[in-house]
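The structure appears below as structure tokens.
All chains are named by letter (A, B, ...) in the order of the sequence lines, taking the proteins before the strands, and each is independently numbered beginning at 1.
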Amino acid sequence: MDKVSDTEAVTIPANPPSGFKVVLRELRHDKGAIVAVVVVALILLTTIIGGFVIPHSDLVDANILDRLGAPGVNGHILGTDSSGRDILKYLIVGARNSIGIGVSVAVITEVLGIIIGITAGYFGGILDEVVMRVVDFFMVLPTLLMIIILVTIVPNFNALSLILIISSFGWMGTTRLIRSAVLSQSERDYVAAAKTSGTPSWKIMFGEVMPNISSLIITDFVLAVAGNIGVETGLSYLGFGLPPDTPSLGTMIAYANDPDLILNSPWMWLPAALLLLVLTLSINAFGNALRRAADSRQRT
Amino acid sequence: MDKPENQLLDIQHLHTAFRVGDDFYDAVEDVNLTLNRDEILAIVGESGSGKSTLATSVIGLHNLQNTKITGDILYNDLNLVGLNETLYNRIRGNDIGMIFQDPLAALNPLMRIGEQIGETLLYHTKLNKEERDHRVLELLGQVGIPNPVRVFKQYPHELSGGMRQRVVIAIAIACKPPILIADEPTTALDVTIQAQILDLLENIQQETHSGIILITHDLGVVAETADRVAVMYAGQIVEQGTVQAIFEHPLHPYTRSLLRSMPQADNDSDDLYVIEGTVPDLKHMQTDDCRFAARIPWIPASAHEAHPTMHEVEPGHFVRCTCYKTFHFNDEAEA
Amino acid sequence: GSGSKSSSSSNSSTSTLAQATTNKKATVKGATFKFGYQLVSPFKGVFANELSTEATDTDISQFGNEPLFKVNDSYQIVDGGAANLKLDDSAKTATITINPNVKWSDGKPLVAEDIVYAYKIIANPKSQSQRYTGALQNIVGLTEYHDGKSGDNISGITTPDGENGKTVVIKFKEMKPGMKFSGNGYFWENAEPYHYLKDVAFDKLISSDKVRKNPIFFGPYKISKMVSGQSIEWVPNTYYYGDKPQLGKITVEVISPNQAPTAAAQGKYDYLGIGPTSYAKIKDSKNVKVLGRDSLSYSYMTFNLGKYDAAKSTNVMDDKKLFADKNLRLAVAYAMNVAQVAEKIYPNTGSQSSTLIPAAFGKYHDKSVKAYAYDLSKAEKLLDDAGYKKGSDGYRTDKNGKKMTIRWLTTTGNSNTDAINQTYMQAFKKIGLHVVYATGKPVDFSVYQDKLTSGSNDYDMFDGSWSLSSEPSPSDLYSASAPFNFTHFVTAKNTELLNNIDSQKAFDTSYRIDQFNQWQQYMHDEAYVIPTLTTKTLVAVSPQVKNLSLAPSASWADVAMTK
Amino acid sequence: MWKTILRRILIMIPQILLLSVIVFFLAKLMPGDPFSGQITPQMDPKQIDSLRRQLGLDDPLWTQYFRWIGNLFHGDLGMSYAYKRPVISLIAERASNTIWLSLFAVILTYLIGVPLGVLAGRFKGTRLDSGISLYAYSVMAIPSFVFYLIALLIFGYQLKWFPTTGSVALDASGGVGYIMSRLYHMVLPAILQAFLGTTGIILYLRSGIIDNSIEDYVRTARAKGVPEKVIFNKHILRNSLLPIAAFMGNTITGLISGSLFVESVFSYPGMGKLAVDAMTTRDYATMTSLTLLFGFLTLLGNLLSDIIMSIVDPRIRVE
Amino acid sequence: MALIEIRDLKIHYPIRSGFFNRVTDHVLAVDGINFDIEEGETYGLIGESGSGKSTTGKAIVGLEKATSGQILYKGEDVTKPRNRKKLQYNRDVQMIFQDSLSSLNPKKRIKDIIAEPIRNFEHLAPADETKRVQELLDIVGMPADAMYKYPHEFSGGQRQRIGIARAVSTNPKLIVADEPVSALDLSVQAQVLNFMKEIQKEFNISYLFISHDLGVVKHMCRNMAIMTRGRFVEVGTREDIYQHPQHIYTQRLLSAIPKITPASRMIDKSNRKRVEALYQEESSKYYGPDGKVLDLKQVSPTHSVAIQDPVVEGGQS
Ligand SMILES: Nc1ncnc2c1ncn2[C@@H]1O[C@H](COP(=O)(O)OP(=O)(O)OP(=O)(O)O)[C@@H](O)[C@H]1O
Ligand SMILES: Nc1ncnc2c1ncn2[C@@H]1O[C@H](COP(=O)(O)OP(=O)(O)OP(=O)(O)O)[C@@H](O)[C@H]1O
Ligand SMILES: [Mg+2]
Ligand SMILES: [Mg+2]
């Protein structure tokens with residue numbers, strides 16, 4: 001047999017192909033992204049550790065003797081709020097809760113979006129048509145108003161119900177994104193190849209197609225986290241946010257709505273606003289670096 | 001060498017290097033080439049051999065931040081290498097026309113066909129709008145578009161692949177440039193349309209007496225249309241000569257291997273000839289030795305030149321490296 | 001007496017805030033007076049008191065929308081206004097005599113029918129007025145008119161000298177001592193221009209331009225321009241019967257509460273009502289002077305002790321309710337450090353109210369009743385003695401040894417109310433009471449109100465506030481039959497005292513005061529309703545304002561501007 | 001084209017009806033009703049109950065819904081319980097404020113966003129680019145109300161450049177004076193809204209320009225000898241503006257629903273605030289009507305986007 | 001009996017338009033074709049872009065649903081999913097794709113790619129599976145260490161061979177090869193073609209070889225069909241088609257192929273011009289009134305042409 005003797009693999013630099021590894025490797029060359037990741041990591045670390053260390057009573061208990069203390073007074077580094085609680089502690093736990101909510105909503109919407117989007121995009125046809133009409137319809141719903149109605153309706157409103165409510169209006173964008181990505185992946189022959197190899201549909205959808213849009217999913221996830229923290233903030237401003245014993249960046253920034261506090265006690269809301277800014281910027285920078293990483297892999 | 005008055009382009013020691021990471025690597029190395037009036041010069045070679053890089057260097061479309069070009073590209077005593085943008089813009093479209101491979105991508109999706117062709121005229125002629133439109137209609141007719149008036153107002157997506165390629169050609173020849181560069185103009189097309197387009201190119205050349213650089217990897221296309229052929233391998237020209245010389249007396253092992261691996265070649269064997277190994281990529285093609293040596297390992301190293309140069313074996317027929325002298329196919333040796 | 005729930009403003013403190021301007025400079029003629037009004041949403045603009053449902057529309061139309069009767073600073077109706085009132089106890093009538101000089105701003109005189117017409121608007125079902133109350137139905141024939149049984153006439157309201165005459169006689173089924181005071185609710189204190197509105201059907205009245213865009217009044221000023229929901233311009237009413245108005249123009253502008261403290265401190269308006277917490281920042285501003293007055297409102301903490309039986313129109317107490325035990329109620333009362341909260345959160349502008357009749361009512365307020373003083377050990381002793389034992393988790397069980405959770409219904413507020421609630425919560429915890437928010441968090445006002453009125457059973461304790469009308473009778477809020485007795489307490493003693501307050505005997509003021517005092521003491525002892533805070537009504541006025549007073553007797557006709 | 005538009009509009013009807021069912025029933029699920037927040041001791045609960053009955057609030061939900069929808073088909077959106085006036089006139093008054101403000105803001109958004117996006121894309125990787133991107137993301141991260149409040153305090157109160165409240169001055173007179181006053185009141189909120197709205201445009205345009213400049217047709221244009229400036233303005237920019245055009249419909253609807261914050265800070269009487277007030281006061285007729293209007297505007301915005309796209313992009317055919 | 005028989009296969013795609021977005025027309029991607037593939041043979045399918053070649057191939061492997069007609073495998077109609085299951089059709093029929101990169105999942109290692117059909121059809125122990133993959137890699141001439149690499153680490157020719165390894169992993173009877181070498185350079189193309197022939201001999205595989213390159217088909221196939229507008233214009237053996245083309249379309253296609261003999265190019269060109277002129281002139285004779293390709297008529301036992309009246313073999317050329 002005249003076997004072809006070409007055995008040396010072409011020496012294209014071996015790009016690790018799993019979405020995550022690509023990303024890490026690409027990020028290493030992106031100074032902005034490294035800074036962003038470090039910032040996000042620091043914030044996460046501080047808030048998670050802080051969340052464990054800071055006793056719940058410190059966040060709840062009012063001490064009106066100590067209220068509205070300016071930063072530095074009585075050992076409160078960032079001052080105290082109108083209940084006399086330490087802003088720094090409140091901020092740390094608030095950030096943890098906000099991030100928690102942002103992440104949870106992102107997880108839920110992403111999972112929903114992935115399942116629905118992949119199914120619709122993969123099977124196409126009437127299923128896709130129906131799903132897309134539903135998505136369109138949800139897009140038409142005035143989200144903010146619907147959220148407000150639901151917040152009012154649910155009996156025992158807490159962080160979990162907030163997460164579920166925000167999620168129920170946040171999955172459409174992801175679904176659309178995933179669906180269109182899946183549509184374009186479905187055109188690729190590896191899907192046809194898997195079908196002819198006898199692979200069942202669910203395996204193709206989640207085992208073959210999904211890994212190929214993983215960087216997209218990661219990026220969307222990261223950006224969704226940032227976006228959802230913003231939604232929570234807006235709700236708090238309107239008075240439909242979390243109960244006072246569940247601090248969040250939103251409830252803190254909403255202090256800015258109190259006319260007496262916005263200028264006279266800026267330490268009550270400004271640190272939260274700045275933290276939100278830094279957090280959003282970093283998450284976005286990270287998300288964009290992810291997107292760039294994904295793109296650059298596609299180019300090679 | 002052709003007579004200088006017939007000569008349109010004289011490329012001397014051209015090196016084009018791309019930045020990969022922090023270093024520059026030659027994708028085109030020490031290419032010497034001339035183009036004359038009234039001729040079609042074909043450049044053939046496998047993917048990655050540097051054909052497009054060479055053509056792009058001539059028309060000056062490389063992004064100079066990532067590309068380093070040295071050597072000379074002489075056009076009418078003007079050296080195009082390092083020419084400033086304003087001057088180059090006067091030459092592009094007017095003196096050098098370019099035809100690209102993918103006719104859909106090459107056309108602006110938002111502009112009407114008439115406008116896209118007219119744009120060339122706008123920057124190189126003093127024609128007014130009416131005259132330009134008139135000329136565009138004329139060009140559309142010239143490239144064999146059945147209903148120029150309608151097509152004039154259409155958008156690229158409304159045309160078939162063959163029509164689009166004709167439009168791209170019309171753009172390239174709008175100012176009757178003496179030099180035309182066609183980079184794989186028919187690769188995306190069906191054979192029947194390919195034949196039409198190639199005929200069209202020939203006709204245009206006969207009318208305008210231009211010189212055409214035709215880039216392709218299809219040997220059949222070369223054999224049917226070219227006057228002279230340059231065979232590229234790994235960034236270098238390995239053989240150059242008239243089309244008869246190349247197809248009837250190919251010398252360089254690479255040229256011979258290529259011809260032999262064509263299915264059409266009526267060889268008795270049921271199997272096609274296969275060249276061992278693969279074309280090296282940019283980073284791995286950088287060597288002073290004969291770059292093809294790795295793919296004909298049965299030829300002893302001594303057969304290759306230390307620093308291969310072009311040898312003129314007969315007037316106008318050049319071959320790189322001396323290995324051609326002792327080259328034989330693997331099976332022939334065994335036979 | 002009656003009031004409306006409002007989360008802001010009220011008080012009785014001894015602070016030094018002036019109630020009137022002291023500016024003595026010469027008046028500038030034709031000056032513009034800028035009146036700012038804090039409002040979160042645009043005003044609704046129903047300029048007929050019979051039809052409007054909120055104080056806002058009345059507040060921004062106060063420059064023209066003058067009531068019929070003049071009051072003194074104790075809210076007692078006195079002669080000298082647009083009309084005089086004469087009560088006849090034996091005939092059970094009130095005779096209203098219109099000042100013949102009073103003219104509407106279109107020049108037409110105020111006549112008897114204008115007064116009658118106001119009653120018709122209220123009582124006609126088509127106009128959908130929300131002012132058709134039980135108290136008004138004390139007028140003979142009003143119910144029949146409402147039910148369409150007496151045609152176009154209200155038999156108890158007559159005009160002896162004709163529709164266009166100046167006298168109206170109102171016949172009551174029963175006379176009440178509160179009738180001497182403004183705001184008593186037994187008769188209406190406004191008139192509507194019959195000649196102007198008669199062409200508008202009752203059901204179209206509320207949306208008609210004549211009520212919304214071009215209303216006419218007989219007060220010192222009249223509307224000259226209006227931007228719906230945002231601003232109104234008032235100019236002097238040349239037909240005004242009283243002293244000539246001093247200002248050339250009054251502009252009323254709605255301003256978002258977000259901006260109010262800044263606007264006030266900058267003196268952007270000549271008059272801007274401000275919240276108690278803004279006082280500290282504004283008091284030193286050179287641009288404005290802050291006037292203040294004890295308000296007629298107070299906040300309270302109370303309990304869910306039963307239910308309202310709508311069929312029988314009466315409240316029913318339920319012994320099984322958690323707070324049926326007085327000791328538990330008192331423990332809650334002693335655990336709230338209201339005095340400190342007032343001092344810390346509303347310095348100079350808020351204080352602890354001691355009884356359910358705010359000090360602003362002067363002699364009707366019983367000074368001898370002392371507010372529940374913060375005393376945790378007393379509270380604990382009360383609980384211990386009553387058999388609420390502390391468990392190992394620090395929380396007390398009920399008297400049967402079962403776990404006890406107190407559900408507190410409260411409304412969403414601002415960061416100050418959060419602080420206050422939390423302060424109380426901690427105190428409750430200290431005395432071993434496990435208090436949680438009903439439904440998990442403070443609820444919005446509609447939900448709160450819905451729970452209170454619908455007989456919901458999912459709360460044990462709630463707080464709120466009443467803004468009283470100028471007649472202090474507590475019957476509307478605390479009597480057995482009062483639908484607003486959300487506490488649902490009914491005791492013989494309470495009923496007796498309230499009846500006495502509104503009895504014929506109480507036409508004797510000293511008797512009435514005595515009954516008031518007894519009731520206040522009784523309520524203090526029983527602790528059904530625990531009064532908490534009261535804050536002052538504050539206004540930032542510019543230094544140029546002259547003759548402005550927050551006293552009930554003040555008139556806008558007197559207000560002037562100087563250099 | 002007209003047929004497609006008509007068809008799209010017809011498709012909207014069932015969507016809007018479904019929307020109305022959902023909103024109506026959800027709204028009814030909220031505890032309380034229009035009167036529960038209004039009850040004061042100056043009123044009599046019995047009278048309130050009879051008013052409730054009179055207004056049909058005691059009827060079964062379906063009856064209420066069909067009555068409402070029946071009236072809707074007669075062009076009657078019902079009466080606002082809170083405002084005691086026909087919803088249609090209430091919304092007309094507020095909507096005109098919001099729509100003008102939004103329109104003004106949209107124009108400003110594009111006037112600000114497009115040049116910034118172009119600069120960032122064209123000078124990709126430079127400091128200018130990083131600066132513009134930083135701006136875009138910062139604006140995205142700052143909660144809008146904080147942004148509005150601070151700007152109001154600075155420009156309205158400290159510098160006194162702009163009016164701080166309302167949509168028009170009381171003393172604005174005459175046609176021109178009135179319009180000028182309206183505009184003057186809109187300037188600050190519109191600029192602020194525009195600054196917040198530019199994010200999407202900047203980011204889209206930037207990446208559009210970067211992507212388009214490596215397209216083949218740009219290479220063709222270069223090969224024609226077209227000057228770089230023209231290549232940029234005529235070829236790259238036009239193609240990069242496509243997604244922005246698609247964005248336009250969304251921008252408008254986004255602004256209208258996002259107007260809530262600007263309206264409450266500036267006491268600007270508009271639809272956003274009206275909608276939230278309607279929620280809190282259980283003003284069903286207003287609430288459902290507004291939701292329908294928002295839904296309709298969103299659908300209209302989508303349709304508008306598609307029409308714009310089909311006009312600017314010949315590849316998208318609307319037959 | 002042939003391995004697979006295609007009987008009057010039609011695949012129509014609906015076109016929606018109009019006010020209600022109803023189906024108003026159909027694309028007749030494949031419109032009534034018949035052919036048989038014998039065991040161990042390579043059947044060529046030639047045609048221009050859009051003529052329906054890929055659609056046919058996809059229908060055979062089951063990636064497209066047939067609108068009507070039958071595909072008989074071992075005598076049973078495999079357009080019915082039930083029969084496909086019963087016959088283990090999906091295991092016996094595999095596909096090689098044109099775009100080697102897109103047909104290999106970029107996120108999977110070569111081993112997992114090649115093992116995919118094995119995992120689905122024969123449940124081997126991990127060690128056996130690895131062994132099998134190794135064998136397959138060996139068959140296609142790839143080193144064993146390729147197993148743990150990813151598709152993008154290989155050249156086009158190597159990737160195509162990986163695709164072939166996957167296709168042969170279940171010992172299929174038929175492989176549909178849709179333009180397997182169109183994207184490849186000459187020398188790589190040669191490798192792949194050689195290779196396909198080799199495994200054909202070894203495992204007695206049949207190919208449906210789809211291509212627009214007449215030279216390649218000539219090299220690979222004994223029997224072939226020329227396709228245009230969803231229908232066959234000419235069916236026959238290599239000699240029938242290349243030596244005695246009857247249909248004007250076939251003639252035109254053949255004449256358009258560039259030859260590598262520069263010496264005869266003037267002749268080739270004029271010949272092409274002549275055929276082209278003839279095509280323009282006479283094409284109405286060769287097509288139905290609506291431009292539809294006529295039904296095939298047999299002109300010799302092996303040769304059928306879509307013409308009105310059969311012409312005696314060799315009559316026209
Ligand atoms: N912009 C670039 N940056 C870096 N490397 C490049 C760039 N453009 C081309 N190359 C490399 O230069 C070499 C020559 O490429 P070129 O496109 O000229 O080949 P070609 O002969 O035209 O091939 P094909 O037939 O595929 O078009 C290849 O190895 C290619 O990867
Ligand atoms: N999913 C589809 N919907 C509608 N039309 C389709 C679809 N798939 C293919 N077609 C049409 O069917 C016809 C045949 O397509 P097919 O891909 O089979 O052609 P082909 O011969 O393989 O062409 P190529 O050489 O370009 O691959 C074409 O006109 C194509 O546009
Ligand atoms: Mg090339
Ligand atoms: Mg195909």
Measuring from A:Asp189:CG to E:Asp178:CG, what's the distance to the nearest 0.5 Å? 8.0 Å
What heavy-atom pair brings A:Thr196 and E:Gln94 nearest, and what distance separates the two atoms? O-NE2, 3.3 Å
If you count heavy-atom pairs within less than 4.5 Å of chain A, which of E:Asn90, E:Val61, E:Leu63 leads? E:Leu63
Hits for side-chain hydrogen bond (donor to acceptor under 3.5 Å, both in side chains) against A:Glu232, two or more places apart or cross-chain, chain-then-number order -> A:Ser98, A:Ser236, A:Ser248
Taking the side chain from A:Glu208 and the backbone from E:Asn105, do they hold a donor-acceptor pair closer than 3.5 Å? no
With A:Ala193 via side chain to side chain contact (heavy atoms under 4.5 Å, CB included) - residues at least two apart: E:Phe97, E:Arg166
How far does CG of E:Asp99 sit from CD of A:Glu187, to the nearest 0.5 angstrom? 12.0 Å
What residues of residues 129-136 of chain A sit under 4.5 Å from chain E when you count only heavy atoms? none
Give every residue pair that meets the ring-ring contact (aromatic ring centres under 6.0 Å, His included) criterion with at least one member in residues 170-211 of chain A, sequence neighbours excluded. A:Phe138-A:Trp171
No-hydrogen, no-angle side-chain donor-acceptor test under 3.5 Å, A:Ser197 and E:Asn120: no
Any E:Lys107 side-chain heavy atom under 4.5 Å of A:Ser214 side chain: yes
